[in-house]
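Before any comments, here is the structure.
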Amino acid sequence: MSSNQSFTSECDRAPRLNEMAEFFSTTAAGRSGVPLKMPDVDHRLFEGDPALAEFIDAHRLLWGNFDPHYFSSIPYRLEEEARLGDAMFRYGMATGRADRPATFYVLGSAEGTFARTLAQAGQGCFRTLSCSPNKENKESFYSHGAPAFAEFFLGPFHHLTNELIRTSDRLRHFSEGFDIILEDTTFQMYSPNRPAQIEFVRGHLKDEGIMIFVEKFSHDDANEYSARELQKDYGYKSRFFTNRTIERKNSEVLSIMNKNENTISEMAEAVDQHFRHAYITWNSGNFYTITASNSAENLSRYICSMVPPCIPNEYVYTGTPQSLLNPVIPDLQFRGYGRNPV
């Protein structure tokens, strides 16, 4: 069996497509996992920045069934969605043009709300692709109509091959690769094999493109990991779910998923196999955003387009932006609220 066949087989056996399949199907259909109230951003954390508010307002109009569950489950992930969206929009508008749009690929973001919002905001200056193995997510994606500049692939990320992209009428305009790829809590649903996962997805990225990882990470100190989980569950999630619902998800879903997490140091080793530069750009308890590229110039342009993390200090355990690899990019800093990119 070739390495590609072995990887595909490994992913096909993954919990996301087997043990967890029913959970994702019913949640994506809105039959379970519905929060007691809808999550909303804390606008105080935007420090009056109008771009963040504009993005999240447009984003909210495109929500599907899974979005409320997701943003009720990870502390201040919704605020991070606005921050990511604003930075990617700025990056795309600076690098794309009408005859050669910037291209973004988001894998694992359920009904593709984030990518669709970006495509709508760009008005043709960039195109986006989302993927999910759940037909319920596809139905939510198209429930708002067929977007002009956003596509949806029904299937798991490892079924989206370069050959399929080249031969598909809908997808072939992505055949030159993506400027930015965002992995949104996907790899942890399949296996701990980050080197192979990154290698596969890296094949869709342009040589000087940017890859962003939003993941939950394990910790060398089990007590520290547990303390952060308790903070997440009963300091944040309890605003949206009953204790019984939280405990049930922990036993039926997260106990499986947690086996597929990496530590930050393990992730650094995996990222180092494919990229020269990588930075931690957000932290919320056991969740982190890592941004990587082989182009110091592009990575700097993107990170300098971001505002500081929009999250209360008590959920933050790592300063950002923090280099994950060497060499360090000099003078790398977030932009100020309400200002143009640095």
Side-chain angles (χ1 to χ4, degrees), residues 14-16 19-20 23-24 27 33 35 39 42 45 66 69-81 83-84 107-110 182-194 197-198 211-241 243 245-271 278-292 308-325:
R16 176 63 178 84
E19 299 99 310
M20 296 182 184
F23 164 79
F24 281 100
T27 306
D42 186 340
L45 298 170
F66 197 86
H69 175 87
Y70 180 65
F71 294 118
S72 298
S73 299
I74 303 175
Y76 302 94
R77 180 65 184 84
L78 183 54
E79 287 78 3
E80 173 67 355
E81 191 91 335
R83 184 170 170 256
L84 283 171
L107 55 144
S109 62
L182 168 60
E183 179 256 327
D184 190 349
T185 58
T186 301
F187 291 164
Q188 65 201 44
M189 303 295 176
Y190 284 81
S191 80
N193 190 2
R194 294 296 178 277
Q197 292 166 337
I198 295 173
M211 190 160 181
I212 304 167
F213 309 87
V214 180
E215 295 189 17
K216 185 179 180 183
F217 289 88
S218 58
H219 199 284
D220 293 328
D221 184 341
N223 291 330
E224 177 65 21
Y225 180 90
S226 296
R228 297 186 192 185
E229 286 298 280
L230 289 171
Q231 180 189 44
K232 168 179 64 71
D233 288 346
Y234 301 106
Y236 185 82
K237 288 181 66 173
S238 59
R239 306 174 194 176
F240 306 100
F241 302 104
N243 288 353
T245 299
I246 292 170
E247 290 163 4
R248 181 178 178 183
K249 184 178 179 181
N250 285 344
S251 63
E252 295 182 0
V253 178
L254 300 188
S255 61
I256 300 171
M257 187 199 77
N258 293 351
K259 298 175 183 177
N260 296 321
E261 295 167 7
N262 274 205
T263 63
I264 288 291
S265 59
E266 289 170 336
M267 184 65 169
E269 292 178 4
V271 170
Y279 277 77
I280 297 173
T281 55
W282 181 74
N283 168 235
S284 172
N286 289 315
F287 290 87
Y288 294 76
T289 300
I290 294 172
T291 308
C310 304
I311 183 171
N313 289 334
E314 59 264 30
Y315 285 88
V316 179
Y317 297 86
T318 298
T320 56
Q322 182 181 126
S323 181
L324 200 64
L325 308 174

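In what follows, every heavy atom counts, from backbone to side chain, and hydrogens, waters and symmetry copies are set aside.
- Of the inter-residue distances, the one linking K259 atom NZ with Q188 atom CD reads 15.0 Å to the nearest 0.5 angstrom.
- E80 and T289 are linked by a side-chain donor-acceptor pair at a separation below 3.5 angstrom, with hydrogens and angles left out of the test.
- Between K237 and K232, some side-chain heavy-atom pair lies under the 4.5 Å cut-off.
- By the 6.0 Å and 45° rule, R194 does not stack over the aromatic ring of F187.
- Applying the salt bridge (charged side-chain N to carboxylate O under 4.0 Å, His left out) criterion to R239, with sequence neighbours excluded, gives no partner residue.
- Relative orientation of the F23 and H69 rings is perpendicular, given thresholds of 30° and 60° on the angle between their planes.
- Under the 4.5 Å side-chain criterion, counting only non-hydrogen atoms from C-beta, L324 is in contact with I264.
- For the side-chain contact (heavy atoms from CB on, under 4.5 Å) test, residues two or more places apart in sequence or in another chain that qualify with S72 are P35, P39, F240, F241.
- Listed here is the closest heavy atom pair of K216 and F287: CB-CE2, 3.5 Å.
- Of the charged side-chain nitrogens involved, at least one lies within less than 4.0 Å of a carboxylate oxygen, so that E224 and R228 count as a salt-bridged pair.
- Ionic pairing of D184 and R77 is present here: one or more N-O contacts between side-chain nitrogen and carboxylate oxygen are shorter than 4.0 angstrom.
- Using bins of under 30°, 30° to 60° and over 60° for the plane-to-plane angle, the ring pair Y236/Y76 lands in the tilted bin.
- No side-chain N or O of Y288 forms a donor-acceptor pair with one of Q322 less than 3.5 Å apart.
- With contacts defined as side-chain heavy-atom distances shorter than 4.5 Å, the pair E266/P192 does not qualify.
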